[in-house]
Protein chains: 2
Amino acid sequence: MSEREYDIGTAELEVLSALWELGPSTVRAVLNHLHERGRRVAYTTVLTYMTRLEAKGFVRTDKREQAYVYRAAVTQSKVRRSRLRQLLDQLYDGASAPLALQLIRQGRFTREEIDELRQLIDRLDVKRGGSQPD
Amino acid sequence: MSEREYDIGTAELEVLSALWELGPSTVRAVLNHLHERGRRVAYTTVLTYMTRLEAKGFVRTDKREQAYVYRAAVTQSKVRRSRLRQLLDQLYDGASAPLALQLIRQGRFTREEIDELRQLIDRLDVKRGGSQPD
DNA sequence: GACTATCCACGACGTTTGTAGTAGATTTTG
DNA sequence: CAAAATCTACTACAAACGTCGTGGATAGTC
């Protein structure tokens, strides 16, 4: 029912993404993860992001022994849906079709992905009218 | 070649969208357009957005008689592509397929749109390897 | 010609975001 | 234990953004 707003900045989202990928982690672990992929940022900066994410309710912390352990409190799925809807509303007048077409035209797909897309579309075609948004 | 950054705020984008829809317009015209669709905002606010958009090179102005006429200096297409790429990078690890699948699953489509999608996919299937991003 | 509406240049202000340093507490290590 | 490393709380700060108000210039109206 609700369409909560996910106001997460770019840098904050990188951190949240790290948590999705790594699972519950300390600031240090997230920092290392970011460094590994070439992202230059200071420890305290990451700490700030995580603190802010917590304040906004997007992550939770467990007081552990040494350091706090943070874990995502929102699913990637939800954020994806929210951002997608935002994109649709802002630039496609809310309509999915134009974006879908653009995406398929400009994206690169493997044969498997193409088959999957086709199957999905075929199924769509059949069970019209009872759409239960994913 | 270039993948210019389109740093346009939400409110600024509303204004730019109005220009895409209305064509070259004065601040007053854009304001009216926004008001018509229930968007409450002051004249000077819109003026500020337009000035900022101009400073960033996203719109141009023609000194006319009475008032300035603003027109978009970037196409909707370009902004769409840029934002789509951003979304893909930030939340889909750059891969188009997952988003395409999600979009098709959660979107609502008319039969015509479905046919169009299918045709596009069929064509994709054939001319693999020579993708010329739109 | 005086009043009124319109237009824009500037400045302002609070919030969000990216980014990080300092300092004090705690833990690990030599 | 003393020194070094680690951790978190706090503070800071600049840029971006959303949002307007003021005030002076111009134009249209009675």
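Within every chain, numbering begins at 1; the chains are lettered A, B, ... in the order of the sequence lines, protein sequences first and strands thereafter. Hydrogens, waters and symmetry mates play no part in the numbers below; they use all other heavy atoms, side chains included.
- Applying the 4.0 Å criterion to OP1 and OP2 of D:dA15, one finds that B:Lys56 has every side-chain N and O outside that range.
- For B:Leu53 and C:dC8, the CG to C1' distance is 16 Å, given to the nearest whole Å.
- In this structure, A:Leu31 places its CG atom 12 Å from C1' of D:dT6, rounding to the nearest Å.
- Summary of the strand contacts: A:Ala67 and B:Tyr49 both lie near DNA chain D, and taking for each the nucleotide with the nearest heavy atom, the more 5' one is attributed to A:Ala67.
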Please lay out, stage by stage, how B:Arg37 and B:Glu14 fare under the test salt bridge (Lys or Arg N to Asp or Glu O under 4.0 Å). CA-CA 11 Å; B:Arg37 51 205 56 201; B:Glu14 284 176 351; over 6 Å; no
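- Between the side chain of A:Thr44 and the base of C:dG21, a donor-acceptor pair under 3.5 Å is found.
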Run B:Leu19 and B:Met50 through side-chain contact (heavy atoms from CB on, under 4.5 Å) and show every step you take. CA-CA 10 Å; B:Leu19 289 180; B:Met50 293 174 96; 4.2 Å; yes
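- Taking 3.5 Å as the limit, the base of C:dC7 and the side chain of B:Thr26 contain no donor-acceptor pair of atoms between them.
- At a threshold of 4.0 angstrom between heavy atoms, the contacts of B:Tyr68 are confined to the sugar-phosphate backbone, with no base atom among them.
- We find that CD of A:Glu54 is positioned 16 Å from P of C:dT17, with the value rounded to whole Å.
- Residue A:Arg28 is in sugar-phosphate contact alone, with no base atom involved, counting any heavy-atom pair closer than 4.0 Å across all strands shown.
- Whole-Å rounding puts the A:Tyr43 OH to D:dT8 C1' distance at 7 Å.
- Rounded to whole Å, atom C1' of C:dT6 lies 15 Å from atom CE of B:Met50.
- You won't find any donor-acceptor pair under 3.5 Å spanning the side chain of B:Arg39 and the base of D:dT19, going by distance alone.
- Between B:Leu101 and A:Glu113, every side-chain heavy-atom pair lies at or beyond the 4.5 Å cut-off.
- At C:dA20, one or more side-chain N or O atoms of A:Thr45 fall inside 4.0 Å of OP1 or OP2 (strictly under the cut-off).
- One can place CG of A:Leu47 at 13 Å from P of C:dG21, the figure rounded to the nearest angstrom.
- For B:Glu14 and D:dG18, the CD to P distance is 9 Å, given to the nearest whole Å.
- Cation-pi contact between A:Arg80 and B:Tyr92: present, with separation from the ring centre below 6.0 Å and deviation from the ring axis of at most 45°.
- With distances taken from any side-chain atom of B:Val41 to the nucleotides C:dA20, C:dT17, D:dC20, the minimum falls on D:dC20.
- For A:Thr51 against D:dA9, no side-chain N or O and base N or O form a donor-acceptor pair under 3.5 Å.
- In this structure, the CD atom of B:Glu12 is 11 Å from the P atom of D:dA16, given to the nearest Å.
- The closest side-chain heavy-atom distance from B:Gln76 to B:Leu16 is not below 4.5 Å.
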